[in-house]
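See below for the structure under consideration.
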Amino acid sequence: MSVLMKGADVANAMKEDLINRVECLKEKGVAPCLTIIRVGSRPDDVSYERGAKKRMEMIGIECRIVELPEDIAQDSFEEEVRRVNADPSVHGILLFRPLPNQLNEEPVKAMINPEKDMDCMSPMNIAKIFAGDETGYAPCTAEAVMEMLEFYGIAPKGKNVTVVGRSMVVGKPLSMMLLKKHATITVCHTRTADLSAVCRKAEILVAAAGKARMITEDMVGEGAVVVDVGINVDESGNMCGDVDFDAVEAKASYISPVPRGVGSITTSVLAKHVVRAAEKRSGM
Ligand code: NDP
């Protein structure tokens with residue numbers, strides 16, 4: 001029988017600490033504030049925004065939404081980002097990506113204040129992850145995986161860890177964070193030869209490829225910890241992960257579900273980043 005790693009349990013454990021820290025900030029006259037910048041109304045963005053707003057309010061963080069028209073021009077878009085960046089009452093910024101085609105995100109990545117960059121857009125925060133410097137802000141999803149492992153007492157130190165996926169949002173930064181915790185990392189992608197054999201050797205297997213149920217039972221070693229980051233919709237229109245959960249469950253020692261797994265932790269990590277940004281700015 002495997003242990004089911006539930007995102008809500010991790011998020012609840014984080015909540016208490018964050019509420020206390022927000023209270024301390026407020027006693028010092030600091031009101032932590034997140035601003036979400038959304039261009040257009042993509043359903044994924046709107047749904048994440050709703051969850052994020054609810055989580056921030058639960059913790060006592062103000063959450064402002066800047067909604068911009070889908071067809072906004074580059075200069076107006078940059079002007080909005082500049083305005084939020086310069087607003088001293090804002091501690092953290094989350095910009096939904098991908099942006100519509102007419103917009104170039106490169107100037108914005110360079111422009112966003114690294115101290116307000118809550119989801120690792122800025123080259124400064126990316127560099128910190130790769131340098132093993134924990135003073136920056138990691139991508140929320142990658143950090144959510146680390147929170148999940150920590151909550152369930154799974155230490156990456158000395159373990160063979162395989163990460164399937166090498167994106168800048170999940171796979172690469174997560175690999176660096178696990179390396180920082182002294183794991184031995186293998187990063188897989190579409191050109192990996194004999195993916196099954198590589199995955200089977202993993203003591204901790206993280207699936208972040210975005211391919212519905214691609215991790216089948218034969219790809220998982222006996223007693224492995226399996227973390228599923230994927231969010232996919234299957235042929236029947238149901239949400240599922242990258243792991244064939246029903247087949248893999250019996251073989252794994254720990255396994256995270258989709259939904260109600262890693263995805264349920266990301267807004268708590270976002271809140272943690274905002275609290276940390278507010279603490280840093282106020283010298284706490
Ligand atoms: P990307 O599409 O940017 O990257 C996918 C990565 O997986 C690529 O590196 C790709 O390899 C690799 N890959 C794809 N197919 C295979 C395959 N068949 N075999 C081996 N490697 C493969 O996706 P993201 O990193 O943005 O997201 C990954 C998943 O995580 C998605 O399902 C996404 O929805 C989910 N996600 C979940 C979040 C959450 O809150 N839980 C937040 C962010 C993402 P290559 O580089 O060679 O193309």
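Bear in mind the structure is a predicted one, so any value in this text is a computation, not a measurement. First listed ligand is number 1; within each ligand, the first listed atom is number 1.
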Option of least heavy-atom distance to atom 30 (O) of ligand 1 (set: V229, V258, L174, D242): V229

Close approach of G171 to ligand 1, heavy atoms, under 4.0 angstrom: no

Proximity of K211 to ligand 1 by residue part, where a heavy atom lies under 4.0 Å: side chain

Check ion pair R82-E79 (N to O, under 4.0 angstrom): yes

Qualifying residue for side-chain contact (heavy atoms from CB on, under 4.5 Å) with F96, from V39, I36, I37: I36

Nearest neighbour in protein (non-hydrogen) for atom 17 (C) of ligand 1: M214 CE, 3.7 Å

Option of least heavy-atom distance to atom 6 (C) of ligand 1 (set: G165, A142, G7): G165

Ligand-side contact atoms (ligand 1) for residue partner N232, heavy atom cut-off under 4.0 Å: 32 (O)

Nearest neighbour of atom 38 (C) of ligand 1 from the list T141, V164, V269, on a heavy-atom basis: T141

Contact atoms of ligand 1, heavy-atom distance to R191 under 4.0 Å: 47 (O)

Protein heavy atom at shortest distance from atom 21 (N) of ligand 1: H189 C, 3.2 Å

Atom 14 (C) of ligand 1: the protein heavy-atom neighbour that sits closest, reported with distance to 0.1 Å: A209 O, 3.5 Å

Of the listed options S167, P139, G230, G263, closest to atom 26 (O) of ligand 1 (non-hydrogen atoms): S167

Identity and distance of the protein heavy atom lying nearest atom 44 (C) of ligand 1: V170 CG2, 4.0 Å

Electrostatic pair D234-R213, nearest N-O below 4.0 angstrom: yes

Over 12 non-hydrogen atoms of neighbours within 6.0 angstrom of NZ in K272: no

Any K109 side-chain heavy atom under 4.5 Å of R97 side chain: yes

Flag side-chain contact, heavy atom, 4.5 Å: C120 against I129: yes

Atoms of ligand 1 close to R166 [distance to a heavy atom under 4.0 angstrom, numbered from 1]: 6 (C), 8 (C), 9 (O), 45 (P), 46 (O), 47 (O)

Any R64 side-chain heavy atom under 4.5 Å of D87 side chain: yes

For ligand 1, the portion of I231 having any non-hydrogen atom under 4.0 Å away: both

Carboxylate-amine/guanidinium contact K53 E57, below 4.0 Å: yes

Atom 2 (O) of ligand 1 touched by protein (heavy atom, under 4.0 Å): no

Within-shell test, T192 vs ligand 1, heavy atom, strictly < 4.0 Å: no

Lys/Arg-Asp/Glu bridge criterion (N-O < 4.0 Å) met for E134, K128: no

Charged N-O contact under 4.0 Å between E222 and K251: no

Ligand 1-proximal atoms of T190, by part, heavy-atom distance under 4.0 Å: both

Nearest non-hydrogen protein atom, atom 28 (C) of ligand 1: A208 O, 3.5 Å

Euclidean distance, M111 CE relative to E78 CD, rounded to 0.5 Å: 4.0 Å

Heavy atom of the protein closest to atom 31 (C) of ligand 1 (residue, atom name, distance): G210 CA, 3.5 Å

Contact check, side chains of K172 and F130, non-hydrogen atoms, under 4.5 Å: yes

